[in-house]
Amino acid sequence: MIEQKIRECCVAAVKDLYHQEITPEIIGFERTKKEIEGDFTVVVFPLVRFARKSPEATAAEVGEYLKSNIPWILHYNVIKGFLNLVMKEAFWLDFLEEEAASPNFGTTPDYHQAPVILEYSSPNTNKPLHLGHIRNNLLGNSISLILEANGYHVIKVNLVNDRGIHICKSLVAYMKWSNGETPKSAGIKGDHLVGKYYVLFEKQYKEEIRSLTASGIPEEEAAKSAGLIVEAQEVLRRWEAQDPEIIALWQTMNGWAYEGFADTYKRLGVEFDKTYYESDTYLLGKALVYSGVEREALIRKPDGSIWVDLQDEGLDEKLLMRSDGTSVYMTQDLGTAEQRYNEYHPSRMVYVVGNEQIYHFDVLKRVLRILGKPSGDAIFHLSYGMVELPEGKMKSREGTVVDADDLMEEMYLTAEETTRTLGKVDDFSDKEANLLFETIGLGALKYFILKVDPKKNMLFDPKESIDFNGNTGPFIQYTYARIQSLLRKAADAGSSSFVPRPSSLVTQEREVIKLLYQYPSIVRQAGDELSPALIANYIYDLAKEYNQFYQEVPVLREEDPAVVSFRLELSSITGDVIRKGMKLLGINVPERM
RNA sequence: GGUCCAGUAGCUCAGGGGAUAGAGCAACAGCCUUCUAAGCUGUGGGUCGAAGGUUCGAAUCCUUCCUGGAUCACCA
């Protein structure tokens, strides 16, 4: 890595020239800005106090030292405290031949012993997936691929929320009003059918509360005493008592939901190594909590409920077990964390969960620590921001939820319309064309979501369809398809595979190579920060740079066959990096579009 | 009220101690007899929420304030 070499050489320069010891980290090292001549820039301001000279003089002396000690440096220039280094072309050409052309470029060989457990998706069986889940799933899927590229063994797990009072609500509604309809008889996707009954319950429940309050009952009391909610609670009791009738219906309706989810996951392109169900895990953690009481790390209140007191740590008291001895979400999460930790001995357990649960994970880690469990330190909550609509947060009650299946279908249709209008598929078979629409539509959606920093909230306006021009998935896909078109034409013309070295590089070639050089460090950084956005923005920069090259520099039209051959090679490598980078985002690229 | 996150061009987003703050969209003006115009080039557009502070240097770090959001359930 040239950066390390240059940093070390700067340390040596300060030692030899100024007889001072410095550490490599204090040196500023970056890519040279585009308008200025140079490939890499050393910021020497931090060195001037050791040199006791002006920034310009320091930069010049260090520059001279670097040039005579690092053979790859051709020359340098100094602007204020910025030492701009120009590398020899051989440096870039060696890089292309020896690194970029390698199939493993940008991936680290498998070297991490302990796996990483990555939990994401975590749907609720009474609601179909919506845009928020899409972000979650795309992030989880992409992060798993990025971690794998960085040499980690990733175990992707899904924890399905398939029990609880909310699930019982859809059961009650179904028993009352369905007349036994099924996804098949209703012609509705399973998860949507279940969701329909959940919504119906909420609607009727609200109606019931309204009529109760109209007859003079306070709202709070009405919400508790309404017949529907009482029924749902009764169903929950029967469920916990394993009532065969309830269990059977519960299994049937959950089965419908899973069939629906499976379709959505498939179209989104996400998958899991293991699926956990809360109905299996909700009792886990109780023993942990009891042992915590015995060790007096937790508090049992007179009514029997168990709490953890985090007030010394600046938080509140938090319930861990109800007074009737039943467990809450936290109890279960304590249990599953321990279970996974003991099963896989992971180096990290990453949870892709929305930022509304920051407090939950904070408490979870603290409680595990209080209980003396090391699993708490392995937990990392990847908290991502919400997807907001122009009018604010998505609310299922107000019908402002953007459904995942609908959105994917819309993207497909928009892709089809745009593509047909442009006349791009006139010579495609139906099958090829449909595949292309899916690739472009889903590519646009995925890129749109993944290009923004996971931590930040993002805005989605359903009225404005996701763009296909500019900083978008289709733009990148188009660039890739263009490259493949060039390569096909060249292959047809029978150009040789021998790639001679060009006598010199034009600016556009050099800029593309410099960006290619960044790729491995971007992949590493994306792995360190668990941020697909870094890959997305990088691939965009690369595609944009390549397009400029493509537009301004002849490839096949070039007369010198050696230059043609080199430019094809550069194009081919760029195409490979675009494909690999997009793959890390879970986005496919088409050979033609 | 406590805690946490965010505020950068009209809009959506990059940049998270270094040079004159960048892209895309939208607007306007160019570029297809030549490798795919889902492209390329150019123009306009900014007191980086505000004020202080640290620093040779601050959009970036610290403090306070303003605005928006999240969260603080015997929900998950």
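Chain naming here is simple, since letters A, B, ... match the order of the sequence lines and numbering starts at 1 in each.
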Legend entry - Atom-pair distance (CZ on Phe428(A); P on U36(B)), nearest Å: 13 Å
Inset, instruction - Could I get the full list of ring-ring contact (aromatic ring centres under 6.0 Å, His included) partners for Tyr540(A), not counting sequence neighbours? - result: Phe475(A)
Legend entry - Any side-chain donor near an acceptor of the partner, Tyr277(A) and Asn254(A), under 3.5 Å: no
Inset, instruction - List the protein contact pattern of nucleotides 7-20 of chain B with one symbol per nucleotide (5' to 3'): B for base contact, S for sugar-phosphate-only contact, - for none; contact means a heavy-atom distance under 4.0 Å. - result: S----SSSSB-BBS
Legend entry - Pairs where residues 530-546 of chain A contributes a residue and the test salt bridge (charged side-chain N to carboxylate O under 4.0 Å, His left out) is met, not counting sequence neighbours: Lys34(A)-Glu545(A)
Inset, instruction - For nucleotides G24(B) and U41(B), find the distance between their C1' atoms and express it as a whole number of Å. - result: 16 Å
Inset, instruction - May I ask you to establish whether Arg163(A) and Tyr282(A) are in a cation-pi arrangement, using a distance under 6.0 Å from NZ or CZ to the six-membered ring centre and at most 45° from the ring axis? - result: yes
Inset, instruction - Assign the ring pair Phe361(A) / Tyr351(A) to parallel, tilted or perpendicular, where the plane angle (0 to 90°) is split at 30° and 60°. - result: tilted
Legend entry - Spacing between Leu556(A) atom CG and U36(B) atom C1', to the nearest angstrom: 12 Å
Inset, instruction - Please state the C1' separation for the pair U12(B) and C31(B) - nearest whole angstrom. - result: 27 Å
Inset, instruction - Tell me yes or no: between the side chains of Gln508(A) and Gln548(A), is some donor less than 3.5 Å from an acceptor? - result: no
Legend entry - Phe45(A)/Phe82(A) aromatic ring centres below 6.0 Å: yes
Inset, instruction - Give the rounded distance in Å between these two atoms: CD of Gln548(A) and C1' of A23(B). - result: 13 Å
Inset, instruction - Have a look at Thr419(A) and say if it touches a base, only the backbone sugar-phosphate, or nothing, with a 4.0 Å heavy-atom cut-off. - result: base
Legend entry - Pair Asp467(A)-Thr472(A), side-chain donor/acceptor within less than 3.5 Å: no
Inset, instruction - Salt-bridge test for Lys206(A) and Glu202(A): reply yes if a basic N is under 4.0 Å from a carboxylate O, no otherwise. - result: no
Legend entry - Spacing between Tyr550(A) atom OH and C40(B) atom P, to the nearest angstrom: 12 Å
Legend entry - Side-chain donor-acceptor pair present, Thr41(A), Asn84(A), cut-off under 3.5 Å: yes
Inset, instruction - Check the chi torsion on C32(B) and let me know: syn if it falls within 90° of 0, anti if not. - result: syn
Inset, instruction - May I have the distance from Phe468(A) (atom CZ) to A38(B) (atom P), rounded to whole angstrom? - result: 13 Å
Inset, instruction - Please list every stem that involves RNA chain B, where a stem is a run of 3 or more consecutive Watson-Crick or G-U wobble pairs with both pairing distances under 3.5 Å. - result: B:1-7 with B:66-72, B:10-13 with B:22-25, B:27-31 with B:39-43, B:49-53 with B:61-65
Inset, instruction - Please measure how far the P atom in G10(B) lies from the corresponding atom in G46(B), and state the result in whole Å. - result: 7 Å
Legend entry - C1' atoms of G69(B) and C32(B), separation to the nearest Å: 48 Å
Inset, instruction - Would you kindly give the CG-to-P distance between Leu382(A) and C5(B), to the nearest whole Å? - result: 15 Å
Inset, instruction - Classify the nucleic acid contact of Lys455(A) as base, sugar-phosphate or nothing, counting any heavy atom under 4.0 Å across all strands shown. - result: nothing
Inset, instruction - Encode nucleotides 70-76 of chain B as B, S and - characters from 5' to 3', where the letter depends on protein heavy atoms closer than 4.0 Å: B to the base, S only to sugar-phosphate, - to neither. - result: SSS-BSB
Inset, instruction - Tell me, please, whether Phe428(A) has Arg592(A) positioned over its six-membered ring: NZ or CZ under 6.0 Å from the ring centre and within 45 degrees of its axis? - result: yes
Inset, instruction - Take atom C1' in G17(B) and the same atom in C75(B), then report the distance between them in whole Å. - result: 44 Å
Legend entry - Contact list for RNA chain B against residues 48-62 of chain A - heavy-atom distance below 4.0 Å: none
Inset, instruction - Using the P atom on both, measure A37(B) against C5(B) and round to a whole Å. - result: 47 Å
Legend entry - Integer-rounded Å distance: C5(B) P and Phe361(A) CZ: 17 Å
Legend entry - Between Asn137(A) and Tyr120(A), a side-chain donor and acceptor under 3.5 Å: no
Inset, instruction - Sticking with atom P, work out how far C66(B) lies from A9(B), rounded to a whole angstrom. - result: 22 Å
Legend entry - Along RNA chain B (nearest heavy atom to each residue), the more 5'-positioned of Gly314(A) and Glu388(A): Gly314(A)
Inset, instruction - Among the candidates C35(B), G24(B), G39(B), find the nucleotide nearest to the side-chain atoms of Tyr540(A). - result: G24(B)
Legend entry - Euclidean distance for C1', A50(B) against A58(B) (whole angstrom): 16 Å
Legend entry - Side chain to side chain, Leu584(A) and Pro532(A), heavy atoms closer than 4.5 Å: no
Inset, instruction - Just call it for Val44(A): base, sugar-phosphate, or nothing, with non-hydrogen atoms closer than 4.0 Å on any strand. - result: nothing
Legend entry - Electrostatic pair Asp453(A):Lys455(A) at N-O distance under 4.0 angstrom: yes
Legend entry - Value in whole Å for how far the C1' atom of C25(B) lies from CZ of Phe475(A): 14 Å
Legend entry - Distance below 4.0 Å between Arg482(A) side-chain N/O and A37(B) OP1 or OP2: yes
Legend entry - Within 45° cone and under 6.0 Å: Lys301(A) NZ/CZ vs Trp307(A) ring: yes
Legend entry - Plane angle bin for His360(A) and Tyr329(A) - parallel if under 30°, tilted between 30 and 60°, otherwise perpendicular: parallel
